[in-house]
Structure formats: structure tokens, C-alpha cells
Amino acid sequence: MRVLVTGAAGFIGSHLVDRLLADGHEVAGVDDLSTGRHRDEAVELWRLDVADPALAERVAAFGPEVVCHLAAQVSVRVSVGDPLADARTNVIGTANVLEAARLAGARKVVFTSSCAVYGVPDVLPVPPDAELRPASPYAASKVAGEVYARMYTALHGLDHTVLTLANVYGPRQTPEGEAGVVSIFTDALLTGRPTRVFGDGGQTRDYVYVLDVVDAFARATGDGGSGMRLNVGTGLQTTDRELHTLVAEAAGAPDDPEFAPPRLGDLPAMSIDASRTREALGWQPRTPLLEGLKATVAWARGVRPGA
Ligand SMILES: NC(=O)c1ccc[n+]([C@@H]2O[C@H](COP(=O)([O-])OP(=O)(O)OC[C@H]3O[C@@H](n4cnc5c(N)ncnc54)[C@H](O)[C@@H]3O)[C@@H](O)[C@H]2O)c1
């Protein structure tokens, strides 16, 4: 089938493109290269802002059956500093992608949401029907994207699945900017720089490996998960301190972080329940954390020869 991937030059999007090509699909990508980079010259990549009105014409010319929408302003901190820029990419951009998909006669849009939409939840792991409590412009923009996707299904019959991602880690994630803590620890430990854990190290996150995440996307391009929000996570909580120990083990480095004061606004704990995702898509996470961390460290060593 023909699939369009937005954010195709990014961390998760680039792995998704690889997976879809390996599955035999015809793939095109959209990315403005604001943080992503063009890796595979063989893949058609349009350098375009997802909020650009010119998008619809390009999408119609390609004629995708499914659009996987991953392009986004991904930083919570940036969204707090400039909520309008965040909304332009994440809300207007999503509306533009949905409208382009509709005009092109696409069957389905797979929308990428974040467990940030759950805020501080009542129960862990968070079920996919939990109340949405966005606590940042970024989280609010993801909720808005979900609502737009639902509305396009109701109004136009354009099918959708929302994939709500936990903390994704793996090869190609970069430690620059707002990248995940795994790549920050990995980069620092491989280059002998100090690492920092905020607060008492007891804050928890649900770490899911990027190849498992793209497997959920690949499955969601079919009919499964129609009209649903599906969590893509392990359901397990790992504390910052435990994560440091595991990354240090994978990197063969000392497990000796510095401790810094807690950061304002950091959520205390998170994990999400993917049982509905298993029922709807037959998906489950397959990569144990230490195994995924070892693969991530091996990739990072290749990027930084000598590390
Ligand atoms: N990495 C995670 O842990 C995580 C967790 C939850 C949700 N997500 C979501 O997954 C998706 C992919 O995130 P990622 O981690 O791969 O981040 P990423 O920054 O590597 O990828 C985002 C891509 O979107 C592109 N982009 C940004 N603004 C754009 C615009 N206006 N027009 C076109 N392209 C634009 C960037 O250049 C980049 O290549 C995002 O929607 C993000 O919100 C990620």
C-alpha cells in the first residue's frame, strides 16, 4: 500500500519508514528538517512544513491510502515558552494533515499522541480511557490533535487510530535539545562526562523501544484499532536511578550520577497500560529494557567512534 509518513526524518519516523519499506509498502515522507535529518536518499522526502497550505496538493499527487502523522514540535519546555508556535505545528499542522488526507481520498490517519496527555494520573499503569489532564501546551496540542482526528472520522468517515506513546528510546535518538534521558545518559557515559539525576532519582517513566513502537504503527495502518486511542508502552515503571544503572551497565561505565534539585513541572511517575493495544492490534512490547539499551549504546558507539 502507499503510505505517507510525516516527521519521516525524525527519530521514530525514520525507523517507521524503514519498517514500512521492509514490509513492501510504497513510502513518501514529509519533514521540514527542523530537527530531523534526511538519511536515506532512496526515499522520497518532501521538505515541507506540515502547516503549509501547499501540503494538500503534494499529498493528493502521491495518493496515500494511509497517513502516519508523527511530525511535531516535541519539546514540553519549548511549548511552555512559545505555546503559539507549538500550536501552529501541532494543532494547525495536524488539521492540515487531516484535511490533506481527506482531499487525497486516504482511508486512515494514524495520529501520534503522547502519555503526557494523562498528566498526573489516578492509577498506574494508565488505561487508555483515563481522563485527559494535559499540563503543558505540548500535551494540550496532542489532545487537540486527537479530537481533530476523531472529528474527521465522525464528519468525513476518514478512519483513524491514536497511538499514545510512552517514553520512546533507541538508536537515532539524539542527546541534543529535548531528547530522552536514555540518549542523554548514553552520550555522557560514553564520552566520560558527568551525568545528573534530578530529585531523589525516584521519578519513574515507561521506556519502550523504538522498533517495538514502529511495529505498533505498522499494525495500525491496517483496519485494527479503528477509531481508538491505543497506548504504546510496557506498563512498567523504571526510576531515573535504575535507568542510570542499566545504561551504565550497557555502556560498561561507572554507575555514579550526580544528584541535582528536582525540576519544576516534572511529572512524578508514569506507565501506560497497553492491554487494549494487544487486543486491537495483536501488539505487545518485545524488547527487554537492558537489551534495548545495549542496542542503543552499540549504535551510539558507531556514531562516536572511539567512545
Ligand atoms: N520520543 C518520544 O519519547 C515520544 C513520546 C511521545 C510522543 N512522541 C511523538 O512522536 C512523534 C515523533 O517524535 P520523535 O521522538 O521522533 O521526535 P523528532 O523530533 O525526532 O521527530 C519529529 C520530526 O518532525 C519534524 N518536524 C517538526 N516540526 C515540523 C513541521 N512543522 N513540519 C514538518 N516536519 C516537522 C522534525 O524535523 C523531526 O524530523 C512526535 O509526534 C512526538 O510528539 C514521541
Side-chain angles (χ1 to χ4, degrees), residues 1-74 88-113 141-142 145-146 148-153 156-163 165 168 172 210 213-227 230 232 281:
M1 105 181 74
R2 213 169 271 173
V3 185
L4 180 67
V5 177
T6 75
F11 162 48
I12 304 170
S14 65
H15 283 287
L16 178 58
V17 168
D18 291 350
R19 166 66 190 262
L20 293 169
L21 289 172
D23 288 350
H25 300 300
E26 193 181 333
V27 182
V30 184
D31 202 296
D32 69 355
L33 301 183
S34 51
T35 62
R37 61 187 188 83
H38 195 181
R39 293 176 171 84
D40 184 351
E41 297 300 327
V43 177
E44 185 179 339
L45 184 87
W46 317 331
R47 185 172 186 173
L48 198 63
D49 181 344
V50 282
D52 190 323
L55 183 74
E57 206 177 312
R58 298 293 298 265
V59 179
F62 180 61
E65 183 177 336
V66 176
V67 177
C68 294
H69 178 36
L70 290 87
Q73 189 301 110
V74 300
R88 184 175 179 282
T89 294
N90 292 5
V91 183
I92 307 280
T94 297
N96 200 36
V97 167
L98 286 160
E99 183 63 1
R102 177 184 81 83
L103 290 170
R107 173 176 56 82
K108 184 172 192 181
V109 171
V110 182
F111 176 69
T112 316
S113 191
S141 75
K142 290 294 184 183
E146 293 193 20
Y148 263 89
R150 272 209 301 282
M151 179 272 287
Y152 263 77
T153 301
H156 296 297
L158 172 61
D159 193 12
H160 80 277
T161 297
V162 172
L163 295 182
L165 311 185
V168 187
R172 299 183 192 162
V210 67
V213 171
V214 301
D215 182 47
F217 275 90
R219 290 166 185 264
T221 59
D223 292 330
S226 181
L230 299 175
V232 178
L281 301 180

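The chain is numbered in sequence order, starting from 1. This structure is a prediction, so every number in the text was calculated from the model and none was measured.
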Contacts of Asp49 that satisfy salt bridge (charged side-chain N to carboxylate O under 4.0 Å, His left out) - sequence neighbours left out: Arg88
Residues in salt bridge (charged side-chain N to carboxylate O under 4.0 Å, His left out) contact with Glu26, at least two apart in sequence or another chain: Arg2
Flag side-chain contact, heavy atom, 4.5 Å: [X] against [Y]:
X	Y	value
His156	Leu103	no
Pro64	Val3	no
Arg47	Asp31	no
Val67	Val109	yes
Leu4	Trp46	yes
Leu230	Leu281	yes

side-chain contact (heavy atoms from CB on, under 4.5 Å) between Thr112 and Leu163, worked out: CA-CA 5 Å; Thr112 316; Leu163 295 182; 5.7 Å; no
Please output the side-chain donor-acceptor pairs of residues 51-59 that fall under 3.5 Å, not counting sequence neighbours, one pair per line with the distance.
unit_1 : atom_1 : unit_2 : atom_2 : d
Asp52  : OD1    : Ala54  : N      : 2.8

Minimum heavy-atom distance between [X] and [Y], given as atom pair plus value:
X	Y	answer
Ala60	Ala104	CA-CB, 3.8 Å
Ala218	Leu16	N-CD1, 4.4 Å
Leu21	Val27	CD2-CG2, 3.8 Å
Gly224	Thr161	O-OG1, 3.7 Å

Can a donor-acceptor pair be found, under 3.5 Å and without considering hydrogens, that links the side chain of [X] to the backbone of [Y]?
X	Y	answer
Asn90	Ser141	no
His25	Leu20	no
Lys108	Cys68	no

For [X], which residues count as a side-chain hydrogen bond (donor to acceptor under 3.5 Å, both in side chains) partner, sequence neighbours excluded?
X	answer
Gln73	Asp86
Asp223	Arg107
Thr89	none
His69	Thr6, Thr94

Pairing residues for [X] by the side chain to side chain contact (heavy atoms under 4.5 Å, CB included) criterion, not counting sequence neighbours:
X	answer
Ser113	Phe111, Val117, Lys142, Glu146, Val162, Thr164
Ala8	Val5, Val17, Leu45
Asp215	Arg19, Arg219, Trp283

Salt bridge (charged side-chain N to carboxylate O under 4.0 Å, His left out): pairs with one or both residues in residues 95-104, sequence neighbours excluded: Glu99-Arg102
Neighbour count above 12 (heavy atom, 6.0 Å) for Tyr148 OH: no
Step-by-step side-chain contact (heavy atoms from CB on, under 4.5 Å) determination, Val50 to Asn96: CA-CA 7 Å; Val50 282; Asn96 200 36; 5.7 Å; no
Set of ring-ring contact (aromatic ring centres under 6.0 Å, His included) partners for Phe62, sequence neighbours left out: none
From OG1 (Thr153) to CZ (Arg150), nearest 0.5 Å: 9.5 Å
side-chain contact (heavy atoms from CB on, under 4.5 Å) evaluation trace for Phe217 with Leu70: CA-CA 10 Å; Phe217 275 90; Leu70 290 87; 3.9 Å; yes
